[in-house]
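Just below is one structure, and these are the notes that go with it.
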Amino acid sequence: VDQFMHHVRVGLERYKKHYLNGILTIGLIAIPAALVNAALGWIPVVGFVVAILVGLAQLVIGPIAAGAMGRWALATAAGQDLHWKKAWKNALKDPVQEWLNMFVAQLITVIGVFLLIVPGLIVGMFALPAYLLEDKKFVSINGRSAELVMKDPGFLAILSLLPLAFVGGIVVFIFALIPVVGAPMSAFLSVAINVIAAPFLYLLWAQIYYATIRRLEGHDPVATYAAKIQSWSTGA
């Protein structure tokens, strides 16, 4: 827990300096979706249909967005400031390969989450760096995450953040109860919370990954993967 709180403090300091690119990286999809829902969500039937279509579009682009966010977080945790356009450019460099690998990794993680949350954290905790830095593919992405987590189960301290997520969910739910305007307001509020909190969580996970590799495998991953991380900014 002490190590985890140390990561939280360091992460907050980093986030204060680099939050804008993190918010814009995740906001490229989330913010337009929220605006569309807010503009049309109050219209009977139409708002419902629009909400479904927007949700489906977000699910489709979700794996690519995860790749972009992962690059931003890993670069930021390594002391670099990756511009949001660069994060997305790299994620879209090979979109089919990116989408397939991230989709499989996310699907396995979601299945694990349904199995009492903890299995999902085990197979998904280090999935992004396993793919983005270590070049793991498909199911081996989650296999590598599980390998690291099972050797160092201190990651369970991250469960201490779940009450905050629960409180946020309650607030969004209360707004949703407001007649007519409640649904679009709750959708907009949910996105606002997400674009602010999600980049910090990605950054926190990246820091924990680096620390875990140093502790378990005896090398500095920031130095080991420096060329790859730098290539995301330079386009090399």
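Bear in mind that the values here come from a model prediction, so they are computed numbers and not experimental data. Just so you know, these numbers use all the heavy atoms, side chains as well, and skip hydrogens, waters and symmetry mates.
Looking at Trp205 and Met125, their side chains come closer than 4.5 Å, going by heavy atoms from C-beta outward. In this structure the side chain of Leu74 reaches within 4.5 angstrom of the side chain of Tyr210, judged on heavy atoms. A 4.5 Å side-chain heavy-atom check between Glu98 and Leu132 finds at least one atom pair inside the cut-off. A heavy-atom distance below 4.5 Å is found between the side chains of Val8 and Leu204. Side-chain contact between Leu128 and Tyr202 is present, with at least one heavy-atom pair separated by less than 4.5 Å. Counting heavy atoms from C-beta outward, Ile64 and Met102 have side chains that stay 4.5 Å or more apart.
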side-chain contact (heavy atoms from CB on, under 4.5 Å) assessment of Arg14 paired with Gln207: CA-CA 10 Å; Arg14 284 196 173 116; Gln207 290 179 176; 2.9 Å; yes
Candidate pair Trp72 and Thr76, rule side-chain contact (heavy atoms from CB on, under 4.5 Å), full reasoning: CA-CA 6 Å; Trp72 173 82; Thr76 302; 3.3 Å; yes
Go through it in stages, so that I can follow the logic: the residues are Lys17 and Asp81, the test is salt bridge (Lys or Arg N to Asp or Glu O under 4.0 Å), and I'd like the CA-CA distance, side-chain angles, deciding distance and then a yes or no. CA-CA 9 Å; Lys17 298 176 182 178; Asp81 189 17; over 6 Å; no
Using side-chain contact (heavy atoms from CB on, under 4.5 Å), reason through Glu134 and Ile213 one step at a time and then give a plain yes or no. CA-CA 12 Å; Glu134 301 183 19; Ile213 294 296; 4.1 Å; yes
Would you check, one step at a time, whether the test side-chain contact (heavy atoms from CB on, under 4.5 Å) holds for Trp232 with Arg71? CA-CA 8 Å; Trp232 297 336; Arg71 287 176 174 86; 3.9 Å; yes
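Between atom CG of residue Leu203 and atom CG of residue Leu12 there is a gap of 9.0 Å, rounded to the nearest 0.5 Å. Atom CG in Leu56 sits 13.5 Å away from atom CD1 in Ile61 (nearest 0.5 Å). Rounding to the nearest 0.5 Å places CG of Leu100 at 5.5 Å from CZ of Phe138. Going from atom CG of Leu148 over to atom CZ of Arg215 covers 10.5 Å, rounded to the nearest 0.5 Å. Rounded to the nearest 0.5 angstrom, Leu82 CG and Gln230 CD are separated by 9.5 Å. Taken from CG in Leu20 to CG in Leu24, the straight-line distance is 4.5 Å, to the nearest 0.5 Å.
Lys137 and Asn101 make their closest contact through CA-OD1, 3.3 Å (heavy atoms, listed as atom of the first residue, atom of the second, distance). Taking all atoms of both residues into account, the shortest heavy-atom contact from Ala130 to Ile141 is CB-O, 3.8 Å. The shortest heavy-atom contact between Ala91 and Ala68 is CB-N, 3.8 Å. The heavy-atom pair separating Ala127 from Asn142 by the smallest distance is CB-ND2, 4.4 Å. When all heavy atoms of Ile229 and Leu133 are compared, the pair lying nearest together is CG1-CD2, 3.9 Å. Between Gln80 and Ser233, the closest heavy-atom pair is OE1-OG, 4.0 Å.
Under the 4.5 Å side-chain contact rule for hydrophobic residues, Val10 and Leu201 do not share a cluster. Under the 4.5 Å side-chain heavy-atom criterion for grouping Ile, Leu, Val, Met, Phe, Trp and Tyr, Val139 is connected to Phe126 within one hydrophobic cluster.
Aromatic ring pairs are classed by plane angle as parallel below 30°, tilted from 30° to 60° and perpendicular above 60°; the pair Phe200 and Tyr15 is tilted.
Annotation: Lys85, atom NZ; neighbour count of heavy atoms from other residues, nucleotides and ligands within 6.0 Å does not exceed 12. In the displayed structure, Tyr19 atom OH is contacted under 6.0 Å by at most 12 heavy atoms of other residues, nucleotides or ligands.
Listed for the Trp88 side chain is a donor-acceptor partner under 3.5 Å among the backbone atoms of Thr25. Side-chain N or O atoms of Ser140 include none that pairs as donor or acceptor with a backbone N or O of Lys136 at under 3.5 Å.
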